Amino acid sequence: MEIGSPPPAIRPIEGEFIVWKPLAVNPENEPESADFNDLEVADVIMKIDGEPIDQIVAYRRQFIGASNDPALMREIAFALLEGPAGPVELDVRRNGEKIVIAARRVEYPHVDHLSMRRHDRDGEAFQLLRDDVAYVKASGLEEKDVPRLIQQALEATGLIVDLRGYPKSFLIYALGQHLVSEPTEFARISMPTLQRPGEFQWSDPLELTPKAPYYDKPIAILVDEMTQSQAEYTAMAYRANPNAIVIGSQTAGADGNVSRISLPGGSRTAISGIGIFYPDKTPTQRIGIVPDIVVKPTICGIRDGRDEVLDTAIEHILRYK
């Protein structure tokens with residue numbers, strides 16, 4: 001049996017599961033993908049083949065591993081519409097009206113699911129937004145581009161660093177060294193003591209070493225449930241800048257290295273093999289990065305095509321103009 005999913009991406013917003021954006025489909029391989037034109041952005045999914053969403057979520061949450069609830073709901077949303085490739089009936093709510101849509105699941109090879117896993121802005125990795133606000137997204141930035149980025153950002157009022165997607169390169173030190181004016185601690189690690197099983201020891205604090213030019217303007221760091229692992233660790237480092245503020249919502253709480261475990265029958269699982277803490281030993285795993293300013297997207301904002309987290313960051317930067 002071929003497993004498929006409708007091309008629209010689903011996202012948990014305000015306690016509902018909504019159509020967030022369409023996904024790219026190869027029409028040459030899947031000519032009937034146009035059947036999904038009846039689904040619209042901000043449609044709220046109420047039932048799938050007659051089964052209420054609440055029942056589906058209650059069942060699936062038993063089998064999905066996640067460090068906290070935002071990450072769990074994210075993973076449920078990714079797989080919510082999965083099932084046998086072919087017809088599927090969706091009950092949705094659109095602008096307060098309930099309608100039934102006859103859709104069709106598309107086989108996975110024909111759908112670009114990678115674009116589901118980032119909430120950052122489309123376009124180039126570095127952009128100059130309105131009113132002279134510099135913007136960079138980690139999912140598109142390469143280490144070699146950092147020196148040019150810093151020079152351009154120094155001409156702007158402030159810098160927005162978007163970590164709502166997995167970093168393309170390891171940027172903690174490449175960019176972070178320009179965000180501190182003196183050696184600055186940003187994390188501490190706990191590691192098992194191999195000679196005494198069950199005992200853990202602290203590492204020395206990890207720190208950023210400054211490198212010119214120093215970026216002394218306001219910085220807004222964007223995070224949400226898509227911020228995970230290296231992205232969370234990067235947020236911790238950049239937050240060490242005294243002019244930085246974190247905006248968004250609770251992150252996935254799953255940073256640290258990956259220790260893979262093989263199980264009988266060919267199954268595999270993984271855990272974080274080390275503990276990740278702030279320098280004062282405040283934990284991040286299972287908690288995530290807690291924003292200074294909490295902003296969550298709304299159904300109305302999604303319908304209007306607004307990025308409310310980014311809008312808040314722009315407003316914050318412009319206060320310094």
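Along the sequence shown, residues carry numbers from 1. What you see is a predicted model, and the numbers here were worked out from it, not measured in a lab.
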For E308 and T298, test the side chains for any donor-to-acceptor distance below 3.5 angstrom and give the result as yes or no. yes

Shortest non-hydrogen contact between F126 and A153, atoms and distance: CZ-N, 4.3 Å

Going through the distances and angles, do E155 and K217 end up as a salt bridge (charged side-chain N to carboxylate O under 4.0 Å, His left out)? CA-CA 10 Å; E155 299 176 5; K217 298 186 177 185; over 6 Å; no

Hey, does the side chain of Q62 reach the backbone of Y59 with a donor-acceptor pair shorter than 3.5 angstrom? yes

Determine whether more than 12 heavy atoms belonging to other residues, nucleotides or ligands lie under 6.0 Å from atom CD of E97. no

For the pair R74 and Q228, evaluate side chain to side chain donor-acceptor pair (under 3.5 Å) and give the outcome as yes or no after the intermediate values. CA-CA 12 Å; R74 177 198 71 191; Q228 180 170 319; 2.7 Å; yes

Hey, mind stepping through S249 and D224 against side chain to side chain donor-acceptor pair (under 3.5 Å) and telling me if it holds? CA-CA 5 Å; S249 55; D224 66 7; 5.4 Å; no

For the pair E89 (side chain) and I101 (backbone), establish whether a donor and an acceptor sit closer than 3.5 Å, ignoring hydrogens and angles. no

Under 3.5 Å, side chain of S139 to main-chain N/O of G165, donor-acceptor pair present? no

side-chain contact (heavy atoms from CB on, under 4.5 Å) between T234 and L175, intermediate numbers included: CA-CA 10 Å; T234 304; L175 179 55; over 6 Å; no

Which residues satisfy the side-chain hydrogen bond (donor to acceptor under 3.5 Å, both in side chains) test with D204, sequence neighbours excluded? none

Is the backbone N or O of A270 less than 3.5 Å from a side-chain atom of R260, with the two atoms forming a donor-acceptor pair by type? no

Start with the C-alpha distance between E232 and T251, add both sets of side-chain angles, then the distance that settles side chain to side chain donor-acceptor pair (under 3.5 Å), and finish with yes or no. CA-CA 7 Å; E232 293 178 289; T251 66; 2.6 Å; yes

Same cluster or not: L149 versus Y214, using hydrophobic residues (I, L, V, M, F, W, Y) connected whenever any side-chain heavy atoms lie under 4.5 Å apart? no

More than 12 non-hydrogen atoms from neighbouring residues, nucleotides or ligands closer than 6.0 Å to CZ on R306, yes or no? yes

R148: what forms a side-chain hydrogen bond (donor to acceptor under 3.5 Å, both in side chains) with it, not counting sequence neighbours? Q152

Decide yes or no on salt bridge (charged side-chain N to carboxylate O under 4.0 Å, His left out) for E16 and R93, but give the supporting numbers first. CA-CA 10 Å; E16 311 268 19; R93 187 176 72 245; 2.9 Å; yes

What do the steps show when you test D120 against R164 for salt bridge (charged side-chain N to carboxylate O under 4.0 Å, His left out), and what is the final call? CA-CA 5 Å; D120 50 21; R164 296 175 297 169; over 6 Å; no

Measure up the H316 and Y320 rings against each other and bin them: parallel (under 30°), tilted (30 to 60°), perpendicular (over 60°). perpendicular

Return yes if some donor-acceptor pair links the side-chain N/O of D49 with the main-chain N/O of V88 below 3.5 Å, else return no. no

May I ask you to check whether Y278 and F186 place their ring centers less than 6.0 Å from one another? no

Could you walk me through whether L208 and Q177 satisfy the side-chain contact (heavy atoms from CB on, under 4.5 Å) test, starting with their C-alpha distance in whole Å, then the side-chain angles of each, then the deciding distance to 0.1 Å, before giving a yes or no? CA-CA 6 Å; L208 297 172; Q177 62 191 351; 5.6 Å; no

Between T184 and E207 (side chain of the first, backbone of the second, donor and acceptor by atom type, cut-off under 3.5 Å), is there such a pair? no

Donor-acceptor check, side chain of N241 to backbone of Y238, threshold 3.5 angstrom: yes or no? no

Decide salt bridge (charged side-chain N to carboxylate O under 4.0 Å, His left out) for D69 and R61; before the verdict, give the C-alpha distance in whole Å, the side-chain angles of both, and the deciding distance to 0.1 Å. CA-CA 10 Å; D69 201 60; R61 70 183 301 147; 3.1 Å; yes

Step by step, work out the side-chain contact (heavy atoms from CB on, under 4.5 Å) result for Y215 and L154. CA-CA 7 Å; Y215 193 82; L154 282 168; 3.6 Å; yes

Can you confirm whether more than 12 heavy atoms, excluding those of E14, are under 6.0 Å from its CD atom? yes

So for atom CD, which belongs to E124, do other residues, nucleotides or ligands contribute more than 12 heavy atoms lying within a distance under 6.0 Å? no

Do the side chain of K137 and the main chain of G123 share a donor and acceptor less than 3.5 angstrom apart? yes

Passing option when V92 is tested against L39, V100, V44 for side-chain contact (heavy atoms from CB on, under 4.5 Å): L39

CD1/I276 to CG/L206 distance, rounded to the nearest 0.5 angstrom? 8.0 Å

In terms of hydrophobic clusters joined by side-chain contacts under 4.5 Å, are L163 and L129 together? no

